[in-house]
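Here's the structure we're looking at; comments come further down.
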Amino acid sequence: MAVLRALVLTVCLLCVYAPAPSSSSASSGYFLRCLSASIPSELVFTQSSASFTSVLASSIRNPRFSTPGTVRPLGIVTPTNASHVQAAVLCGRRHGIRVRVRSGGHDYEGLSYRSERPEAFAVVDLANLRSVRVNRARATAWVDSGATVGELYHAVAKRRPAFPAGLCPTIGVGGHFSGGGFGLLQRKYGIAVDHVIDAVLVDAQGRLLDKKAMGREVFWAIRGGGGESFGIVLSWRVRLVSVPPKVAAFIVPVSVNDGAVDVLTKWQEVGPALPDDLFIRVMVMNGVAIFQSLYLGTCDALLPVIRGRLPELGMNRSHCREMSWAESVLYVYVGSGQPIPVTDLLNRTFPMDSSNKATSDYVRQPIGRDVWAEIFAWLARPDPGIMILDPYGAQISAVPESATPYPHRGGVLYNIQYMNFWSAGNDEEPNVRWIRDLYAFMAPHVSKNPREAYFNYRDLDLGRNVVVGNVSSYEAGKVWGEKYFKGNYKRLALAKGKIDPDDYFRNEQSIPPLVRRS
Ligand SMILES: Cc1cc2nc3c(=O)[nH]c(=O)nc-3n(C[C@H](O)[C@H](O)[C@H](O)COP(=O)(O)OP(=O)(O)OC[C@H]3O[C@@H](n4cnc5c(N)ncnc54)[C@H](O)[C@@H]3O)c2cc1C
Ligand SMILES: *[C@@H]1O[C@H](CO)[C@@H](O)[C@H](O)[C@H]1NC(C)=O
Ligand SMILES: *[C@@H]1O[C@H](CO)[C@@H](O)[C@H](O)[C@H]1NC(C)=O
Ligand SMILES: *[C@@H]1O[C@H](CO)[C@@H](O)[C@H](O)[C@H]1NC(C)=O
Ligand SMILES: *[C@@H]1O[C@H](CO)[C@@H](O)[C@H](O)[C@H]1NC(C)=O
């Protein structure tokens, strides 16, 4: 009885003081000593270090996971070269402490720096490993995982090449490429992982592997199969793409009173069928749909296309602005209608005044006009969020589903991202409930069997790993895994079984290992 009471008491203490590690503190101590012995002390931060909190916060991008109850790492390593990363993994293996890797820290569930359950873990933060080495003659570049996509764009755009990846300049290359990476050039050129031609990986045995050494299946898996699962990707070699010296961009808001429901209904079929050098996305919010566009050409060439295909938009010459491709990224992302200096691509600071929750869908059949009218009613409720619709078609949809782990290709009309925000520190319940209720409402109108979702818009509501015998369960992982990866889930699990059969690299939604018996 006494033992039982002590056990219950311990368990409850763990609930209240979430950060308490579940492994023995002895192994934590040995682990930290191992780190200090193999990595310069100025690159290792323990909870008792004076700068621990600021290093931890340096790339937290969602204040929702920066609270006293957040389960924090027992240590953070900020490597400046590959051997520090290898040493951190080897110390972790030796002393039974898992590491999580953080590049830009944008994970929607914060899994690169927090754990949902009390457990002892450490963070390998790659922010110091962020060089971009461009080979102009070959139109390729090596980019380190700790670089932001803004730093990548800034480095490649000095002459004409560009790179097709996400919009927000502060996103980290490491997490972004690990999950796919899409943005304004996706219709012309596909997504980031479609252009990755080599990579350097530290695996669960601490080995440093290039494309050839990691093997075909693992190289396939790291290109979109989800961060954390296969090891720590240190750098990526990418093929650059070309864009004209000037591109055209426009931002046209259409209010519900001015016919937003009709324009949106028509956009669903027009947007994915436009010429591949034209991309028009929509931000849908309370009372208004904002059409944001990038065109790889001039305003004079763009106007007749819009007048022919989507005259209801009411776009005219005064909405259109010509600029360099690098400028267009910020112009569309910030959306103020004002030009932004390209040096802002290098700004790694992220505003931290609001917390957020997001989730995603893919649409394969146009949604009816009456349903859009109902959606606008959802967006007019108290505590509403926004929806961002990114059009597919052209190149992103032409790549076969199994060419990379990212399977949402042919037949997709557009992706929906749902997001809700609230002031940091406020009660999240009404906003989170709004997004969950809208997600339930949308079920009949979006992709089914599976209901597809984008890994990089991570949502733990879709499911979590279940650990059986110290290894994440392949069967249980299907629940979320097939939403993110469709038929590629099994192949990812087999690749995981090859490179990390013990499931050392693990989080709440990492790929479980599947070991094929011969
Ligand atoms: C404001 C904002 C805007 C966004 N815009 C877009 C967009 O336009 N297009 C789009 O496609 N997505 C977008 N995203 C989603 C973004 O692509 C993902 O959140 C992405 O995973 C972020 O990468 P990160 O390195 O910043 O995140 P992190 O939190 O550092 O990492 C995310 C996940 O990947 C793992 N990971 C990180 N680095 C590595 C590595 N080197 N090796 C192996 N695993 C690693 C982490 O452990 C974690 O599980 C946006 C997100 C935010 C917050
Ligand atoms: C990495 O840095 C350490 C110093 O911490 C140095 O001894 C080592 O030679 C470096 N390794 C490489 C591959 O540059
Ligand atoms: C569980 O797996 C981890 C990582 O592979 C390992 O360090 C640990 O010793 C394992 N624990 C048990 C009880 O087998
Ligand atoms: C362009 O459209 C805007 C708003 O829709 C309108 O105010 C403006 O007068 C139009 N300009 C021209 C030249 O038609
Ligand atoms: C960088 O971005 C932050 C957040 O948006 C902003 O407050 C800051 O002024 C920017 N810094 C510079 C140098 O532009």
Side-chain angles (χ1 to χ4, degrees), residues 23 27 31 38-43 59-62 65 79-87 92-114 123-127 129 144-149 164-184 186 191-193 199-202 204 208 222 224-236 281 329 332-333 348 350-351 356 358 360 388 390 406 415 417 419 454-458 467 469-471 500-510 513:
S23 302
S27 61
F31 169 71
S38 38
I39 301 172
S41 58
E42 67 273 19
L43 306 179
S59 63
I60 291 183
R61 300 304 186 223
N62 191 346
F65 307 117
T80 53
N81 73 31
S83 63
H84 306 143
V85 178
Q86 294 175 277
R93 285 312 291 262
R94 190 167 311 140
H95 300 291
I97 302 291
R98 292 174 197 283
V99 298
R100 294 189 179 219
V101 52
R102 180 166 78 172
S103 289
H106 286 60
D107 192 274
Y108 281 149
E109 297 282 3
L111 300 188
S112 52
Y113 53 85
R114 66 131 193 163
V123 167
V124 172
D125 184 315
L126 299 178
L129 287 175
D144 292 343
S145 282
T148 62
V149 298
L167 222 63
C168 166
T170 53
I171 312 170
V173 160
H176 189 56
F177 287 17
S178 291
F182 63 67
L184 302 177
Q186 68 187 30
I191 63 176
V193 291
V200 175
L201 175 79
V202 173
L208 195 61
I222 60 172
E228 193 74 30
S229 300
F230 308 98
I232 300 181
V233 182
L234 294 183
S235 43
W236 313 74
R281 77 203 292 247
V329 175
V332 176
Y333 180 65
R348 289 176 73 106
F350 189 85
N356 63 73
S360 63
I388 302 174
D390 281 312
Y406 183 88
N415 169 272
Q417 177 174 203
M419 185 170 262
Y454 179 29
F455 179 87
N456 268 345
Y457 297 160
R458 191 195 309 269
V467 175
N470 205 20
V471 169
D500 183 19
D502 301 335
D503 203 22
Y504 174 69
F505 286 109
R506 170 204 294 175
N507 67 27
E508 293 75 356
Q509 277 183 350
S510 55

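Whatever order the structure lists ligands and atoms in, that order sets their numbers, starting from 1. Quick caveat, the model's predicted, so the values are computed rather than measured.
In this model, no donor atom of one side chain and acceptor atom of the other lie less than 3.5 Å apart for Arg61 and Thr170. With no hydrogens or angles considered, a side-chain donor-acceptor pair links Tyr454 and Asn456 at under 3.5 Å.
In this structure, Arg100 falls outside the shell of residues with a heavy atom less than 4.0 angstrom from ligand 1. Within the 4.0 Å heavy-atom cutoff, Arg61 does not count among the residues contacting ligand 1. Heavy atoms of Arg458 approach ligand 1 to within less than 4.0 angstrom. Taking 4.0 Å as the cut-off, Gly105 counts as a neighbour of ligand 1 on heavy-atom distance. By the 4.0 Å heavy-atom criterion, Tyr457 is counted among the residues contacting ligand 1. Put simply, part of Gly181 is less than 4.0 Å from ligand 1, judged by heavy atoms. Distances from ligand 1 to the non-hydrogen atoms of Phe455 include no value under 4.0 Å. Proximity of Ala82 to ligand 2 is not established, as no heavy-atom distance is less than 4.0 Å.
Less than 4.0 angstrom separates some heavy atom of Ser145 from each of these atoms of ligand 1: 41 (N). Which parts of ligand 1 touch Gly231 is read off a 4.0 Å heavy-atom cut-off, strictly below it: atoms 42 (N), 43 (C). Short contacts between ligand 2 and Pro40, defined as distances under 4.0 Å to a heavy atom of the residue, involve ligand atoms 5 (O). In summary, the atoms of ligand 2 found under 4.0 Å from a heavy atom of Ser83, numbered by their order in the structure, are 1 (C), 11 (N). Close approach to Leu126 involves these atoms of ligand 1, each under 4.0 Å from a residue heavy atom: 41 (N). Residue Asn507 approaches ligand 1 through these ligand atoms, each under 4.0 Å from one of its heavy atoms: 49 (O). Those atoms of ligand 3 that come under 4.0 Å of a heavy atom in Asp502, given as number and element, are 5 (O). Close contacts between ligand 3 and Gly96 involve ligand atoms 7 (O) [criterion: under 4.0 Å to a heavy atom]. Interface atoms of ligand 1 facing Gly172, defined by a heavy-atom separation under 4.0 Å, are 23 (O), 24 (P), 25 (O), 26 (O). Proximity to Arg102 (heavy-atom distance under 4.0 Å) selects the following atoms of ligand 1: 30 (O).
Which of Phe230, Phe350, Trp236, Phe182 comes nearest to atom 7 (C) of ligand 1 through a heavy atom is settled by distance: it is Phe182. When the heavy-atom distances from atom 3 (C) of ligand 3 to Arg506, Arg98, Arg94 are ranked, the shortest goes to Arg98. Looking at Asn456, Val124, Leu201 and measuring to atom 21 (O) of ligand 1, the nearest heavy atom belongs to Asn456. Ranked by closest heavy atom to atom 31 (O) of ligand 1, the top entry among Ser229, Gly175, Gly174 is Gly175. Relative to atom 19 (O) of ligand 1, the option among Arg281, His106, Glu228, Glu508 with the closest non-hydrogen atom is His106.
The nearest protein atom to atom 5 (N) of ligand 1, hydrogens excluded, is given as Ile171 CD1, 3.5 Å; this is a heavy-atom distance. Taking atom 33 (C) of ligand 1 as the reference point, the nearest protein heavy-atom neighbour is Asp107 OD2, 3.6 Å. If you check which protein heavy atom lies closest to atom 6 (C) of ligand 2, you get Asn81 ND2, 4.2 Å. Remark: minimum distance from atom 5 (O) of ligand 2 to any protein heavy atom is reached at His84 NE2, 2.9 Å. The nearest protein atom to atom 38 (N) of ligand 1, hydrogens excluded, is given as Ser103 OG, 2.7 Å; this is a heavy-atom distance. Counting protein heavy atoms only, atom 51 (C) of ligand 1 is closest to Tyr108 OH, 3.5 Å. Among all protein heavy atoms, the one lying closest to atom 12 (C) of ligand 3 is Asn470 ND2, 3.1 Å. Nearest protein heavy-atom contact of atom 46 (C) of ligand 1 is Val101 O, 3.0 Å. At the shortest separation from atom 8 (O) of ligand 1 among protein heavy atoms lies Leu167 N, 2.9 Å. The protein heavy-atom contact nearest to atom 3 (C) of ligand 1 is Cys168 CB, 3.3 Å. In terms of protein heavy atoms, atom 17 (O) of ligand 1 is closest to His176 ND1, 2.7 Å.
The side chain to side chain donor-acceptor pair (under 3.5 Å) test with Asp107 singles out one residue from Arg114, Arg102, Arg458, and that residue is Arg458.
With a 4.0 Å cut-off on non-hydrogen atoms, Tyr113 does not touch ligand 1 at all. With a 4.0 Å cut-off on non-hydrogen atoms, Val233 touches ligand 1 through its backbone as well as its side chain.
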task = Report the C-alpha separation of Phe505 and Phe230 in whole Å, then their side-chain angles, then the decisive distance to 0.1 Å, and conclude whether the ring-ring contact (aromatic ring centres under 6.0 Å, His included) test is met.
result = CA-CA 7 Å; Phe505 286 109; Phe230 308 98; 9.7 Å; no
*Derivation of the side chain to side chain contact (heavy atoms under 4.5 Å, CB included) call for Gln86 and Leu234*: CA-CA 11 Å; Gln86 294 175 277; Leu234 294 183; over 6 Å; no
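A heavy-atom distance below 4.5 Å is not found between the side chains of Val85 and Leu208. With contacts defined as side-chain heavy-atom distances shorter than 4.5 Å, the pair Val124/His84 does not qualify.
For atom 9 (O) of ligand 3, no protein heavy-atom neighbour is found at a distance under 4.0 Å.
Remark: the backbone N or O of Ser83 is paired with a side-chain donor or acceptor of Asn81 at under 3.5 angstrom. With hydrogens and angles ignored, the 3.5 Å screen pairs a side-chain donor or acceptor of Asn62 with a backbone N or O of Asn356. A distance-only check finds a donor-acceptor pair linking the side chain of Tyr504 to the backbone of Ile97 [under 3.5 Å].
Salt bridge annotation for Glu109-Arg100: absent, with no cationic side-chain nitrogen under 4.0 angstrom from a carboxylate oxygen.
Geometrically, ligand 1 and Thr170 share no nitrogen or oxygen pair separated by less than 3.5 Å. An N or O contact shorter than 3.5 Å is missing between Gly166 and ligand 1 by distance. Considering backbone and side-chain atoms together, Gly227 places no N or O closer than 3.5 Å to any N or O of ligand 1.
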